2 protein chains.
Amino acid sequence: MGTPPAVPDEVTADRGPGRTRAAVDAWEAVFRLQATLLRRFAADDVWQGLGLREYDVLHTLSLQPGGHARLGRLSEDVYLPQPSLSRLVDRLERDGLVRREDDPDDRRGVVVVLTAAGAQRQREIGGRHAASIARNLASMPAEDLATLTRLAREALGD
Amino acid sequence: MGTPPAVPDEVTADRGPGRTRAAVDAWEAVFRLQATLLRRFAADDVWQGLGLREYDVLHTLSLQPGGHARLGRLSEDVYLPQPSLSRLVDRLERDGLVRREDDPDDRRGVVVVLTAAGAQRQREIGGRHAASIARNLASMPAEDLATLTRLAREALGD
DNA sequence: CGCAAGTCCATGCGTTTGCATGTACCTGCC
DNA sequence: GGCAGGTACATGCAAACGCATGGACTTGCG
């Protein structure tokens, strides 16, 4: 990057129209990346009949201590409106992957618990999914991968 | 091709478990960033009654020369299955933002054309949306923004 | 030409989504 | 205690989704 800039600070300055352009470019690039990868992952044959959202719930539960979480909290973690999650949990419960329990501390509350079958299913899918992620990002140098991770996190205000 | 590698490349040829972990971290960070921003954008009061996907179609059309594109091509550009887009276009057409025309070169084909009202609407929404994007990424230094853009593009194999 | 195979878009149909709302419960104030 | 207001989850309902399929047209090959 030794070439002198044809146009001074306008481009790298924090304000001005170029700044908005840069932000829009970043958003579009991130959006496109996410959409493309999501599509490829969805096409993977590793989901054993459940959708990405269903898996995300199992995955999130598997990260909770005890494998259980309040429905409302889960709703925030998986970025799904509460009524949608409520019905999604209906389906998971019907399939025996998850179980609803009363919250002893708050009788309005419902605790969603991962069953043994659910935990098992999550591990199976998770392993294959992780492999697919690595495969789909194989073209990136490890250092770029780390930088991408850092910047994506920082973009959310740290 | 230049000099052969005198030393096995530990850094860029990393194939260990850490590599998968790094890829998964990157995916999760990107996914989270996209989901969070998307949520904020959706909450913006700039959409004038139409959804993000509808806007994406208008936006994509506005980038095409002549403001028109074949339905199938559009379907790929906006990452929406063809039947879903077909019905989405039904709605846009009903609202007068878009118009269907026969493709003179292929009578199976349908060309989706942005109407004047559609182009107008796209510009209004687009301006406010761009401002919102800039606002939501305001915490990022311009250089990081550029790096994020570059890496997100490179991640797709480039 | 004539027909088989392929492409493009629309539509039937069952599922999922999300908003608005309902019911049960908790909390704070009197 | 008792009531007002708030919170947590479920459900009615209309809209949107996507898969599978259908009808129209094009292409390639004998």
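All values derive from a computational prediction rather than experimental measurement. Each chain gets a letter, A, B and so on, in the order its sequence line appears, and its residues count up from 1. All values below were derived from every heavy atom in this structure, side-chain atoms included, with hydrogens, water molecules and symmetry-related copies excluded.
Following chains of ILVMFWY side-chain contacts shorter than 4.5 Å, one can reach Leu88(B) starting from Ile125(B), so the two form part of one hydrophobic cluster.
Residue pairs satisfying the ring-ring contact (aromatic ring centres under 6.0 Å, His included) criterion with at least one member in residues 59-96 of chain B, sequence neighbours excluded, are listed as follows: Tyr55(B)-His59(B).
In plain terms, the two heavy atoms of Ala23(B) and Ala134(A) that are nearest each other are CB-CA, 3.7 Å. Contact between Arg39(B) and Ser75(A) at its shortest, heavy atoms only, is NH2-O, 4.4 Å.
Arg40(A) CZ: more than 12 foreign heavy atoms inside a 6.0 Å radius. For Arg32(B), the CZ atom is loosely surrounded, since the number of other residues' heavy atoms within 6.0 Å does not exceed 12.
Asp56(B) has its CG atom 12 Å from the P atom of dC17(D), to the nearest Å. Separating the CZ atom of Arg91(B) from the C1' atom of dA15(D) is a distance of 8 Å, rounded to the nearest angstrom. For the pair Arg94(A) CZ and dA10(D) C1', the interatomic distance rounds to 16 Å; values are reported in whole Å.
For DNA chain C, the contact window with chain A, defined by any atom under 4.0 Å from a protein heavy atom, covers dT16(C) to dC26(C) in 5' to 3' order.
Here the CD-OG1 distance, from Glu154(B) to Thr147(B), works out to 10.0 Å after rounding to the nearest 0.5 Å. Taking CG of Leu151(A) as the reference point, atom CG of Leu33(B) lies at 10.0 Å (rounded to 0.5 Å).
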Is there a side-chain contact (heavy atoms from CB on, under 4.5 Å) between Asp44(A) and Arg128(A) once you walk through the steps?
-> CA-CA 9 Å; Asp44(A) 283 336; Arg128(A) 299 180 219 261; over 6 Å; no
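When each of Arg100(B) and Ser84(A) is assigned the nucleotide of DNA chain C with its nearest heavy atom, Arg100(B) is the one assigned upstream, toward the 5' end.
Near DNA chain C, meaning a heavy atom under 4.0 Å away, the residues from residues 103-113 of chain B are Arg108(B), Gly109(B), Val110(B). Of the residues in residues 35-48 of chain B, none lies under 4.0 Å from DNA chain C by heavy-atom distance. The stretch residues 62-83 of chain B comes close to DNA chain C through Arg70(B), Leu71(B), Gly72(B), Gln82(B), Pro83(B), each having a heavy atom under 4.0 Å from the strand.
Bending across the helix from dC1(C)-dG30(D) to dC30(C)-dG1(D), expressed as the angle between its end axes from five pairs apiece, amounts to 20° (10° rounding).
Looking at Thr20(B), its side chain never comes within 3.5 Å of a backbone N or O of Ala131(A) through a donor-acceptor pair. A donor-acceptor pair is defined here as one N or O able to donate and one able to accept, closer than 3.5 Å; such a pair exists between the side chain of Glu54(B) and the backbone of Gly51(B). Not one N or O on the side chain of Asp102(A) forms a donor-acceptor pair closer than 3.5 Å with the backbone of Pro104(A). Glu93(B) places a side-chain N or O within donor-acceptor distance of the main-chain N or O of Arg100(B), the cut-off being under 3.5 Å. Under the 3.5 Å distance criterion, the side-chain polar atoms of Asp95(A) are left unmatched by any main-chain donor or acceptor of Leu97(A). The closest donor-acceptor contact from the side chain of Trp47(A) to the backbone of Phe41(A) lies under 3.5 Å.
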